Structure formats: C-alpha cells, structure tokens
Amino acid sequence: MSVHESDVHTISPEMPAMFDGMKLAAVATVLYILVRCLNLKSPTAPPDLTYQDTTLNRFLLKSCPQLTKEYIPPLLWGKSGHLQTALYGKLGRVSAPHPSGIRKYLPMQDGATATFDLFEPLGEHRTGDEITMVICPGIGNHSEKHYIRTFVDYAQKEGYRCAVLNHLGALPTIELTSPRIFTYGCTWEFASMVGYIKRTYPHTQLIVVGFSLGGNIVCKFLGENRKNQERVLCCVSVCQGYSALRAQETFLQWDQFRRFYNFLMADNMKKIILSHRHKLFGESSFKMLDADVSRLFTATSLMQIDDNVMRKFHGHSSLKEYYEKESCVHYIHNIHVPLLLVNSADDPLVHDSLLNIPRTLAGKKQNVIFALTLHGGHLGFFEGEVLFPQPLTWMDKVIVGYANAMCQWEKQKPPCQSGPLSENSCVEAKA
C-alpha cells in the first residue's frame, strides 16, 4: 500500500508541469500567428513618394503634411491590409455623419438617367473662392455609402461644394430607364455630372476625386479630351488598379486571398445586375442570350461577369478589348493638371506589379505625384492609437489637404503665370 502511495506521490506533481508547458506552447503559437497575420512587427513610415522636383510639387508637399509625415494606423489591427479592407467593406467608416444633399437626375442620349447628389458647402472656403469637388465612388457605390458620407461631410466643412455620382444601377431605390448599367470605365455619367456643374456654376473651379474604380473613371475622363480638363484645378485618385487587363490575371491568384475578394465582389455585382434583370435583359433593344444569363448565375469571378454580360453593354467583341478600352492606363498620360495618385502597399485588391504604372508616370511627368503608403488596405487608411479608429481617415485628410494646397497655390500664384503648371522665373523668385 505504501508503494502505491509513493508512486502516486512522485507522479502527480509532474502532470501539471507538462500541461503548463502545453499551454505555454499553445499561447506562443497563437501569439506568433497573431503577430504574423496582424503584421505587428511592421514599422510605420511616411508614404513613399515619387515625383519630380518642381516648385509646385515642393509647395504641395510642404503645404500638405499628410504626404510627408508618418501614417500611423491603429496599433493592434491597422497594419493588416485585410482588416483595414474588411472594416471599410463592412462598416465603411466609424460614426458616419449624414450630410444633407439634393438628388439630381440627368437624362442621357441613350435613354439612361444619370443621378448624382449635390451637397453645398457648410462655410466659406479658406481662399474665398467657389470650389466644387466632383466625386466618383468605387465599384457599385453611391453617395449613401459611409466612406463617401464621411468624406463629403469633412469637405463641406472645409468650404467645398460636393457632387457625388451614383453609379448607374447602384442605388437600389432608383430604377434604370434604359438597358444599361455602369461599367469599369464608362465616363458618360461622370461627364454628364461635370457638364451640369460647369453650366450651373459658371465661376466654380473643380477638384476631381475618384475612389478605386472611380479613380479609373475620372483619370480616363480627364485624359479622353483636353477640354475635360478646363476649370479643373487638380485630380486625386485613391486605390485604383490602372489597368483591368493586367489586373485580370492577378485576380485569379490566391496570393493575398485575391481570388476570395474576387468572388465576393462578383457576388455583389451579380446582385446589382439581377436586381435590374427585367430592364437589362427584357428589352428588345438589348437581347441577351439565355446561355449568357445562365452563366451570370454561376459566375464566381468578375472576369466571368464582364465577359458574359458587361462588355456587351458597349458592344465590345472580346474581354480583352473591353479591358483595353475601359482602362485609364491608355489615357492617363494625357492629363496635364496636377494629379495625385494614392495607393497602399498592403492593398489586397491591387497587385504590386500594377503600381509600376503610377510610379513610372510620376517619374516622367512633372504634374504627377505618386504616394504609396505602407499600410491602409483598400480604401481603409484608418488612423488611431491602439484599438479604436478615428472617424476621419488619413485618406480623407490627404485629399482635402492636397486640394487646399492646390487652391492656395492657384490663389497666390504670380500674375505672370498662365496656369498651375508654369515654372518660370517669377515663380522661383516668389518661392
């Protein structure tokens, strides 16, 4: 009996030690995974800038400190591009305001009806001038999205009038009036909105802003015709991919879970199209084969939707032709007004190879600044100390900051200058 008691007495103290070791190993493993997934060891840094050393660019960088100071995301999760993107996709923004605007309806030549929301400034602009921001949201988005509402409210308070395009078919409460929906690079609705603003406010100057797909549309619009750049002070594009053709292959890769994001966006796009199925597919003016409609139901990628449905709205013979003609990469070099291109290095939707396009452009053209942040995800750019993000993002601040700097430059430029890009001796003397 004593032997058994001795055995129990000698074995029992070792068991808790073994379990404690397993717990420590499990905790260490979880912490390691969290550190890797949340990218906690990644440093914070100012945006990586590509630009040419001109008087205007030096002025813009000095007057817009967000471009030269560290962007500091929330400590615990802000260095993960996936979490930044997920929070933007799910919530849009934190504590989004409700700016009050007026919805405008513009009939198009093909029978479609473009809509946009107009928001008047909540105070005088710091320069005393009349400035209107013409804004193009991301894919399937509109003026009621939280990130748009947050940005518009901030811009209004800074003295800007804002006109926000509602992508054709994106608003669930607005019926289509023709068998056509928004596409990747169709600029017709945006051009109609800009034309209305120019006619209605003959003395206003324009700041052009595009988010994601909207960045592609505004850059393509400006580059399509030099007249489109008249009365435009500058343009800001955030988180666009520049070339749909080059992005096509990367969207089928599992790197950064890009294929999964592709599936989610395709699913959302299907819902938008199918919500207008009777108008899109039931009209005699646009005949869709039953096989194409069936492929829409089974599509798991944006490319399948584009090939079977979207390209046919504009009569493109192939997916390659559709992507080639709808991408701003073929037009962006024609933009001569100051242009700020913003991307994030951890954006899970925009492959790193696509960033050579804006980087090369900024290296060749004096009017272009390319800013690449280390963190921010896709349209996230949340700021904060540890856990909770601030209502305003770095993205909101940098767009308005750049616009303010450009307005100030335009206001104080010497009379001998003919435009914002002139680099003559009188500018250097004033600087």
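The residues of the chain are indexed from 1 along the displayed sequence. Note: hydrogens, waters and symmetry copies are ignored here, and every other heavy atom, side chains too, is used. Predicted model, so just to flag it, every value in this text is computed and none were measured.
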Between [X] and [Y] (side chain of the first, backbone of the second, donor and acceptor by atom type, cut-off under 3.5 Å), is there such a pair?
| X | Y | value |
| --- | --- | --- |
| K279 | S178 | no |
| R180 | F313 | no |
| T373 | G376 | no |
| K271 | A266 | no |
| W77 | L83 | no |
| T150 | Y147 | no |
| Q304 | S301 | yes |
| D129 | C407 | no |
| Q52 | K364 | yes |
| T50 | A362 | no |

Do other residues, nucleotides or ligands put more than 12 heavy atoms under 6.0 Å from the [atom1] atom of [X]?
| X | atom1 | result |
| --- | --- | --- |
| Q253 | CD | yes |
| I102 | CD1 | no |
| K198 | NZ | yes |
| R103 | CZ | yes |

- Task: Using the six-membered ring of Y201, assess whether NZ or CZ of R161 lies under 6.0 Å from its centre and within 45 degrees of the ring axis.
- Result: yes
- Query: Does K104 make a cation-pi contact with F116, if we ask for NZ or CZ under 6.0 Å from the ring centre and within 45° of the axis?
  - Reply: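 Here K104 fails the 6.0 Å and 45° test against F116.
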Compute whether any side-chain donor of one residue and acceptor of the other, for [X] and [Y], lie under 3.5 angstrom apart.
| X | Y | answer |
| --- | --- | --- |
| R259 | T300 | yes |
| N225 | Y331 | no |
| H82 | Y261 | yes |
| T183 | E326 | yes |
| S327 | S243 | no |
| Y51 | N367 | no |
| Y322 | D307 | no |
| S42 | H375 | yes |

- Query: Mind checking whether K145 and H142 have side chains closer than 4.5 Å, heavy atoms only?
  - Reply: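 Yes, at least one pair of side-chain atoms sits under 4.5 Å.
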- Query: Is the closest side-chain heavy-atom distance between F257 and P348 below 4.5 Å?
  - Reply: no
- Query: Given V209 and V218, is the side chain to side chain contact (heavy atoms under 4.5 Å, CB included) satisfied, shown in steps?
  - Reply: CA-CA 7 Å; V209 180; V218 300; over 6 Å; no
Residue pair [X] / [Y]: nearest heavy atoms and the distance that separates them:
| X | Y | result |
| --- | --- | --- |
| N216 | G185 | ND2-CA, 3.7 Å |
| T393 | F382 | CG2-CD2, 4.1 Å |
| G169 | I272 | O-CG2, 3.4 Å |
| L355 | F370 | O-CE2, 4.1 Å |
| M133 | F151 | SD-CZ, 3.6 Å |

- Message: Evaluate Y154 against L392 for side chain to side chain contact (heavy atoms under 4.5 Å, CB included), listing each step before the verdict.
- Response: CA-CA 8 Å; Y154 180 47; L392 276 180; 3.7 Å; yes
- Message: Let's go through E70 and T44 carefully: what are the C-alpha distance in whole Å and the side-chain angles of both, what is the deciding distance for side-chain hydrogen bond (donor to acceptor under 3.5 Å, both in side chains) to 0.1 Å, and is it a yes or a no?
- Response: CA-CA 6 Å; E70 277 188 321; T44 57; 3.0 Å; yes
Pairing of [X] and [Y] as salt bridge, 4.0 angstrom limit:
| X | Y | value |
| --- | --- | --- |
| R311 | E321 | no |
| D153 | R149 | no |
| E224 | K220 | yes |
| K397 | E383 | yes |
| E324 | R246 | no |

- Full working for side-chain hydrogen bond (donor to acceptor under 3.5 Å, both in side chains) between H378 and S212: CA-CA 8 Å; H378 189 78; S212 192; 2.9 Å; yes
- Please walk me through it: do H314 and W188 pass ring-ring contact (aromatic ring centres under 6.0 Å, His included)? CA-CA 12 Å; H314 290 273; W188 298 351; 4.9 Å; yes
